[in-house]
Protein chains: 2
Amino acid sequence: MAARVTTTDRVLASLRESILSGEFPAGSLHSIYRLADLLEVSRTPVREAVLRLADLGLVTIERNRGVRIRGVSVTDVRSVFELRLMIEVPAAAYAAAHATDDDVRLLEAELDGMRDAATAGDESAFTVHDRALHETIGAVLGNQRAQHEVAALRDSIQTRGASTLHRSRGMPEILGEHVPIVTAIAARDATAAARHMEEHLVSTASLLMAQAATPDDPAPESGWADRLRPHLYVPDGAASPPE
Amino acid sequence: MAARVTTTDRVLASLRESILSGEFPAGSLHSIYRLADLLEVSRTPVREAVLRLADLGLVTIERNRGVRIRGVSVTDVRSVFELRLMIEVPAAAYAAAHATDDDVRLLEAELDGMRDAATAGDESAFTVHDRALHETIGAVLGNQRAQHEVAALRDSIQTRGASTLHRSRGMPEILGEHVPIVTAIAARDATAAARHMEEHLVSTASLLMAQAATPDDPAPESGWADRLRPHLYVPDGAASPPE
DNA sequence: AGCAGCGAGACTTCATGCAATCCCCTCGTC
DNA sequence: GACGAGGGGATTGCATGAAGTCTCGCTGCT
């Protein structure tokens, strides 16, 4: 099963990396020709990779113009994070209810990794551990399809330096949002885990939306997440009545 | 913006239809050559379409063997429906809380369509209205990405005659599961809408899992959905304590 | 100065060639 | 009779050619 790595895969990974790292700025226009020339392969694998990227929503193909790197709009961020809320909040609650001691140890290890990276000022490592932490929480549920979906959602908005790192929050703040999630899971408190995961995602989304906002693309309302909130997960007390 | 329909798109749609309709049985092996010959196009658009189908999980590409039509395993059904629960249950609750009168009218129209198709014995039309009903509920949320994802999830397991129609349930039973959902939305009762949507999805998933079960692929446990249930949406009373 | 029409360039898109790879079947040997 | 090796055949995967189509800039006219 050593799925031999094909040229298309390498091109796909390379392009994805170039887009996510910001080497290809959002809105820029490229052609299959130039990309093929740049990567020193023929146009076919490039075309196939671009088609798949278009499916993932990272680029759009403009007929007879080229492929344009998609920027993230406020609506994009909102759509993605609503989905992440719908998936990751229940996942966090489930993890709290069903995590083994080994799972908890893994979570705390990732948290330590984030802490170390934060003190070392290593943003790259910090992001890696951040991602791994979320994936470890999702892994408790054991739904590979959900895992893959969350990863795709994450990719689709992490274009460019659209990380929240530089502009808005520092690593300590982000770390601070993750700590209570892990603490709640370790305490087997599903309610708290869900609440903290929700707060983390909403916080991140709000900042990303503020970054993506432009004069015409309307600024995000403050309580944007409330519309979904009462229907997501009700931590304590009775289910909130409709409206 | 009249996105000209390209050959690849037509091939993709055609193959998808052939797989979903059961014309290409699950597990069967085809080659790009034969498919291209069959559809009277060259191998390139067929290859591109197949790659996208592989991304969607409908087929797997076996190197130097051909493309194999993926059957659905019990695990597949479970993964897909867990995700659908996480998305569609909140969506139903949200729809109940925020649907306009026009939305409700649309829902009832689709329900009528299902009823007519049921009495006429038209399974194809019934399926169309079933799908449209779910999409209309999702449309109230207005999250296109979520809509698209649900559609993809639906496709990925509706391979073959894996509809629940023939073997297990008749159209009246399925219709009967949809009626209370629409009723609850019309009554603006989010709690009931969520509960009925959940019951519908769990019921459908259980039947599909029973169909997909084989001697070695373990039969689905009865209370399989319970593990997620307390973390999904808590209709009434306090949140269930973590275990 | 502004606008319309036209031509050249470029890009996507589909078709086909070609090589490398892998499976399977047969034949030979133990 | 069983096991292993080798060859034929088929398939994927990459490269390149050819054609159709759209965009953009230039030129000429108003």
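Every chain is numbered from 1 and lettered A, B, ... according to where its sequence line falls, protein lines coming before strand lines.
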*Asks:* Starting at CD1 of B:I32 and ending at C1' of D:dT11, how long is that distance when rounded to a whole Å?
*Replies:* 9 Å
*Asks:* If I take atom CE from residue A:M114 and atom CG from residue A:D130, how far apart are they, to the nearest 0.5 angstrom?
*Replies:* 4.5 Å
*Asks:* Identify whether the distance between the nearest side-chain nitrogen and carboxylate oxygen of B:D155 and B:R131 falls below 4.0 Å.
*Replies:* yes
*Asks:* Name every residue in residues 37-52 of chain B that has at least one heavy atom under 4.0 Å from any atom of DNA chain D, in order of residue number, or write none if there are no such residues.
*Replies:*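 Output list: B:R43, B:R47.
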*Asks:* Output, in order, the C-alpha distance, side-chain angles, deciding distance and verdict of salt bridge (Lys or Arg N to Asp or Glu O under 4.0 Å) for B:D37 and B:R34.
*Replies:* CA-CA 5 Å; B:D37 189 42; B:R34 280 203 303 275; over 6 Å; no
*Asks:* Roughly, in whole Å, what's the span from CG in B:L29 to C1' in D:dT12?
*Replies:*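 Roughly 12 Å, once rounded to whole Å.
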*Asks:* In Å and rounded to the nearest 0.5 Å, what is the CD1 to CG distance from B:I181 to B:L107?
*Replies:* 10.0 Å
*Asks:* Would you call A:R52 and A:D55 a salt bridge, using N to O less than 4.0 angstrom?
*Replies:* no
*Asks:* Do A:E82 and A:R78 meet the salt-bridge criterion of a basic N to acidic O distance under 4.0 Å?
*Replies:*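 Result for this pair is yes, salt bridge flagged.
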*Asks:* Can you tell me the distance, in whole Å, between the CD1 atom of B:I61 and the P atom of C:dC22?
*Replies:*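 About 16 Å, once rounded to whole Å.
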*Asks:* Would you kindly give the CZ-to-P distance between B:R63 and D:dA10, to the nearest whole Å?
*Replies:*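 One finds 18 Å between P of D:dA10 and CZ of B:R63, rounded.
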*Asks:* Nearest whole Å is fine: how far is C:dC14 P from B:D9 CG?
*Replies:*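 Spelled out: CG on B:D9 to P on C:dC14 is 8 Å.
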*Asks:* Between B:H134 and B:H200, is the ring centroid distance below 6.0 Å?
*Replies:*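 Between B:H134 and B:H200, the centre distance is under 6.0 Å.
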*Asks:* How about B:Q144: does its CD atom have over 12 heavy atoms from other parts shown lying under 6.0 Å from it?
*Replies:* no
*Asks:* With respect to the side chain of B:T6, which nucleotide from C:dC14, D:dT12, D:dG13 is positioned closest?
*Replies:* C:dC14
*Asks:* Can you give me the bend angle of the helix from C:dA1-D:dT30 to C:dC30-D:dG1? Use the axis through the first five pairs and the one through the last five, nearest 10 degrees.
*Replies:*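 Rounded to the nearest 10 degrees, the bend comes out at 10°.
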*Asks:* Take atom CG of A:N64 and atom P of C:dA8, then tell me their distance rounded to the nearest Å.
*Replies:*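 So the two atoms are 18 Å apart, to the nearest Å.
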*Asks:* Any side-chain N or O of B:R65 less than 4.0 Å from the OP1 or OP2 oxygen of C:dT21?
*Replies:*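 Answer no for this pair, as no side-chain N or O of B:R65 is under 4.0 Å from OP1 or OP2.
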*Asks:* Quick one: do the B:T127 and B:H129 side chains pair a donor with an acceptor below 3.5 Å?
*Replies:* no
*Asks:* Under 4.0 Å: is that the gap between some side-chain N or O of A:T7 and OP1 or OP2 of D:dG13?
*Replies:*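 Negative; the distance criterion is not met.
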*Asks:* Quick one: A:L12 CG to D:dG13 P, roughly how many Å, whole number?
*Replies:* 14 Å
*Asks:* Whole-Å distance between D:dC22 P and A:E62 CD?
*Replies:*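 Distance, rounded to whole Å: 14 Å.
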*Asks:* Tell me whether the OP1 or OP2 atom of C:dC14 has a side-chain N or O from B:T8 closer than 4.0 Å.
*Replies:* yes
